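Worksheet: one structure, shown below.
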Amino acid sequence: MQRQQGMRLDEWYVPYLQMAGLYHLARLNDRWFWIDEPLLSAFMERWRLETHTFHMPFGECTITLQDVAYQLGLAVDGRYVRGCLTNFHIYIEGGRLAWVWFEELLGVIPPPSQVQKFVVTCSWFQETFGECPEGADEDTVRRYARAYIMMLLGTQLFVDKSGNHIHIRWLPYVARLEEMVRNNTDVRCRWSGYNPSVSEKGPRVQMWRLQIDMLQPRDFIWMPYSSLEVLHVVHLEALEPRHTALWRSVTSLIYFAVIEWHQIDRVLPQFGGVQPRPCSALNIDFLMSKDGRGGDRWFPSAF
């Protein structure tokens, strides 16, 4: 729990991270796990956007809200993450200018060279908020904690393809950290391409492709969280019926303009069920096309 994209996780930030429901996520760094990129690339090749599932030799499987609750420690019920950047500079806080509010919440304005419309470079956040000053007062600690949370959201939970900019649409959320935990923090995977022919990792990708191709139903652990060893370390709140009922819901997952579908009706063995013949994939292209580009417009409230 030492570093988050070049920013130290100071112990003074912990109460704010706990207040926002993000403390467990903040601790998931390179000291906790190692990502096998060739294995991930082999899985990405089996991801189908039409169904939001991995198509395996023995059937389909997917990332579920149960995975989000157990592995990331995030709440999966509550209000969805929403907002509208149409005229954003006068939209938030009853007409307050966005960059004025940025300065009030973080205590400083980034130079123009570090800003592109409504995004700020990660390097500026790292250089400005990398270390909380010794003996900082409560207001200063809160500002640094807000910057750390914006980096956490922008580089780990809701990362874009660039991976080097932070959007200031998070201002309303970090302004009221105690309300953040009540928002549905949907974790979604936006897969990017991988070309093994131009990478030294190519042979390992091919090895993992073969391993996946040879998998049999008996080789796949459909319910990895059912063992007592796992249940003993899961936060009790995650096991409450109000949460577990949502794991089995076929529902939309909303992150501003991005709409993904939680189609667990296609992967019932992951919840101990018997898989019937799956229905046709839901056609939500009209929603999937609303990705926030072209004017930074998305749903201001509900649809």
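Please read all numbers here as calculations on a predicted model, not as lab measurements.
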Worksheet item: What is the minimum heavy-atom distance between F118 and W99, and which atoms define it?
Response: CA-CZ2, 4.5 Å
Item to complete: Might you work through the side-chain contact (heavy atoms from CB on, under 4.5 Å) test for V100 and I109, ending with a clear yes or no?
Response: CA-CA 8 Å; V100 171; I109 288 288; over 6 Å; no
Response to the item:
So OG of S41 and CD of Q206: to nearest 0.5 Å the spacing works out to 12.0 Å
Discussion item. Keeping H55 on the side-chain end and R48 on the backbone end, is there a donor-acceptor pair under 3.5 Å?
Written reply: no
Worksheet item: Taking the side chain as C-beta and beyond, is there a heavy-atom pair between F220 and P269 under 4.5 Å?
Response: no
Item to complete: Answer yes or no: does atom CZ of R242 have more than 12 heavy-atom neighbours from other residues, nucleotides or ligands under 6.0 Å?
Response: yes
Worksheet item: Which heavy atom of I212 sits nearest a heavy atom of P57, and at what distance?
Response: O-CG, 3.2 Å
Worksheet, complete the sentence: Heavy atoms of L106 and A147 approach each other most closely as CD2-N, 3.8 Å
Worksheet item: Would you call R143 and D137 a salt bridge, taking side-chain N to carboxylate O under 4.0 Å as the test?
Response: no
Discussion item. Are there over 12 heavy-atom neighbours, none belonging to E50, within less than 6.0 Å of that residue's CD?
Written reply: yes
Practice prompt. Could you verify whether a donor N or O on one side chain and an acceptor N or O on the other, from T251 and S249, lie under 3.5 Å apart?
Written response: no
Worksheet item: Which distance, rounded to the nearest 0.5 Å, do you find between the CG of D265 and the CD of Q275?
Response: 7.5 Å
Fill in: Taking every non-hydrogen atom, the tightest pair across P110 and V115
CG-CG2, 3.6 Å
Worksheet entry | Donor-acceptor under 3.5 Å (H24 side chain, Q71 main chain) | yes
Worksheet item: Between atom CG of L65 and atom CG of L253, what is the distance when rounded to the nearest 0.5 Å?
Response: 5.5 Å
Fill in: E11 to P15 - nearest heavy-atom pair and separation
O-CD, 3.8 Å
Item to complete: Could you tell me the separation between the CH2 atom of W261 and the OG1 atom of T62, rounded to the nearest 0.5 Å?
Response: 14.0 Å
Worksheet item: Would you call the rings of Y144 and F129 parallel, tilted or perpendicular if under 30° counts as parallel and over 60° as perpendicular?
Response: perpendicular
Worksheet item: Got a second to check how far I149's CD1 is from Y16's OH, nearest 0.5 Å?
Response: 10.0 Å
Fill in: Any side-chain heavy-atom pair of L72 and D67 under 4.5 Å
no
Item to complete: Return the orientation label for the W247 and Y70 ring planes: parallel under 30°, perpendicular over 60°, tilted otherwise.
Response: perpendicular
Discussion item. Under a 3.5 Å distance rule, please check whether R46 uses its side chain to pair with a backbone N or O of A42 as donor and acceptor.
Written reply: no
Worksheet item: Which atom pair, heavy atoms only, marks the closest approach of H167 to V119?
Response: CD2-CG1, 3.5 Å
Worksheet item: Can you check whether V120's main-chain N or O pairs, donor with acceptor, with Q114's side chain at less than 3.5 Å?
Response: no
Item to complete: Report the residue from E60, Q263, E260 that forms a side chain to side chain donor-acceptor pair (under 3.5 Å) with H52.
Response: E260
Practice prompt. Would you indicate whether L210, at its atom CG, is surrounded by more than 12 heavy atoms from other residues, nucleotides or ligands within a distance under 6.0 Å?
Written response: yes
Discussion item. Between Y148 and W12 (judged by ring centroids, cut-off 6.0 Å), do the two rings come close enough to count as a pair?
Written reply: no
Worksheet item: Below 4.5 Å, heavy atoms only, C-beta onward: do R204 and E37 meet side chain to side chain?
Response: no
Worksheet entry | Side-chain (R266) to main-chain (C279) donor-acceptor, under 3.5 angstrom | yes
Practice prompt. Scan side-chain atoms only and decide if Y225 and Q270 contain a donor-acceptor pair under the 3.5 Å cut-off.
Written response: no
Worksheet entry | Atom pair SG (C132) and CZ (R142), whose distance is rounded to the nearest 0.5 Å | 13.0 Å
Discussion item. Is any side-chain heavy atom of W124 closer than 4.5 Å to one of H165?
Written reply: no
